[in-house]
Amino acid sequence: MSVARPAARRLLSGRLPGGPRAAPTTAAATAAPCHQVLGHQFHSSPQLAARRRPRFANVRAADMGLMDEKQIDEFTAEKFTRYTKEEMEQLGKRYSPQQIAAIEAGEAAIDPRDLTVQGRLRVDPYALPYIDDFAESQPVIDKRTRHEPPPDPMARFMNVDEFTQDLIKWADQFPTGDVTGTLKTLVDFVPDEHKKTPEAHWPGAVRTEAHAAFESYLKSEINRQAEGPDAEGGPTDADVLQYILERSGMTDNNQVANSSLALALPARVPGVAGLYKNAIDPADNGLDDTGIYQDLKRRTGMSVQEILSLQTKRLVLRHVSNQTRLGKIRKAAVIYCAGNGNGWLGIGEAKSTESMVASVKARLTAIRNMRPIRRYEERTIFGTVEGKVSGTVVKMSARPPGFGLRVSHRIFEMCRAAGIYDLAATIPRSRNPSNSVKAAYEALCNQPDPEEIAKGRGMKLVDVRKVYYGGATH
Amino acid sequence: MGIHSVVNACTHLQNATRARLGLTSVPNTKYNLLLMTAMQKAGLIASVTRGGPLPPAPNDASEPVTSANVATRRLWLGLKYWNNEPVLRTVKPVSKPSRLVTVDLKTLGRVTRGFPVGSLKGLNLGETMFLTTDRGVMESREALKRKIGGLVLCRVQ
């Protein structure tokens, strides 16, 4: 019995439980010192001889001098300085008095000593280079500051009266001056007797002089306009350009926005609503805003809703290249199948340098090429048919109800699009992807018609499956 | 009774129908006559007329066969077309003189229902098989109805 149970221990220790602590004999004290400490044990683990102590002694921060009040004050003064009077003045320029009061209250609420003693300043390599009191902005980390107020949501386009008022207000900032756009021309710098004659007939000296004068006039005009409107001048060309390009046409008091982008037009611009010619057909209910189905809609007579409800699937994607003397021209060749799940199937093939473009083209072609596929009992095909394209042969056989589609994956997708549920197909020879798709489509399209065969032989055909059991054969 | 004339007639019939001929002729043998009349009965051939080396006139009463002209008699066959397609698309002889293929009733039933037995593939949609039995040449479905097997002559699609 390795585990000392209380009863056994009592026997071993030779002491009575719960008895008064008499002075132990020296022999008992040396033999079992632990039993004197704990009277009653309820767990099975052996008792320790003494309290566990760490093998390596810890050093207290105070012993290292880290908790020295002087050092704490030094660190605090160095790291957590208060705002100086100049800084507060600078802040006062930026923030309102209420905000300044809030900043001061926040500063007063936190004792810098607490930050030193309790706060944790990160020193790892990934620490941010500043303690974020939002006093400065880091363009890499922070969002772009937005200096301007947000745009007025109630702004609208000015009407004629408001526009006139705005124009007058703009013009009033220029004291007087001539109308802009009256720059002098070369003719103004020649004597009067030459003003009527063309430039080619002027004497050489007159022409040179006129050109020099005109050039110096242009330079002075450019300088004048670059300096801005002077006391006697009216709006310069630059002012007019700025008015045209930058003056807001809305009732937002020509407010400057945070973004250089123009505001989006409202949903309904008053006065011009209904005047835009909308190329999008409202009958589409917004399903075809890009207009890719408009041609298909016209050709097939289906609505966009019907077109979108068709099952389409990309069957083949391969990259082909044409070797020219300028290098290889790579293109993506795509084959799509499309069907309505109820007896119509089409395949479309398209090529383009962009595979996405090729896919869209192939899909639209597949929808355009849709044609009815003969189905027996709307679940399988008639008899055994075979399609052949190049070296690829696809053999298909009708199968009983519940047989399923035991066909390869591309033919499976075609059957699903066409609404065929029982079929067996084998591709005994080449299994080229695009040729197998084409051969399968050819096979599905070339099914024999039993009625026509019977008519050719002068017979009457009756499908007994439709006669027995009231036609309820599947 | 050898079947070589039937095998030749089958091949010739397929060639003629692929060439879109309206009228063609096969040698006048008993076996050919039996097969062609069975085909006519099945609606695969428009007409079977015994004539001479030249096609018979439309309303000509057939010339009696005599020992003098029997060697020159031929069977003139009118071929059928429906919807621009020949009614008789493929005629494939099954038995040949060097290998005769016979079917018993059980095999005939399976083949006629579309299941393959041995080297005989099952009949496809619109396909039929002609057998020669001890009750004459007939279609496979008729032989099955009468519960008799026989020698497979050809399969027609």
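The chains referred to below are lettered A, B, ... by the order of the sequence lines, with proteins before strands, and numbering in each begins at 1. The analysis underlying the following values was restricted to heavy atoms, covering all of them including side chains, and did not include hydrogens, waters or symmetry mates.
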Would you say [atom1] of [X] has more than 12 non-hydrogen atoms from neighbouring residues, nucleotides or ligands within 6.0 angstrom?
X        : atom1 : answer
A/Glu354 : CD    : no
B/Glu85  : CD    : yes
A/Lys297 : NZ    : yes
A/Arg431 : CZ    : no

Worksheet entry | Side chain / backbone / both / neither for B/Gln157 at chain A, heavy atoms under 4.5 Å | backbone
Discussion item. Which residues in residues 454-461 of chain A have any heavy atom closer than 4.5 Å to a heavy atom of chain B?
Written reply: A/Lys455, A/Gly456, A/Arg457, A/Gly458, A/Met459
Worksheet item: In residues 380-393 of chain A, which residues are in contact with chain B at a heavy-atom separation under 4.5 Å?
Response: A/Phe382, A/Gly383, A/Thr384
Worksheet entry | Which atom of B/Gly126 lies closest to which atom of A/Ile453, heavy atoms considered | CA-CD1, 4.1 Å
Worksheet item: Relative to chain B, which segment of A/Glu452 carries a heavy atom at a distance below 4.5 Å: side chain, backbone, both, or neither?
Response: both
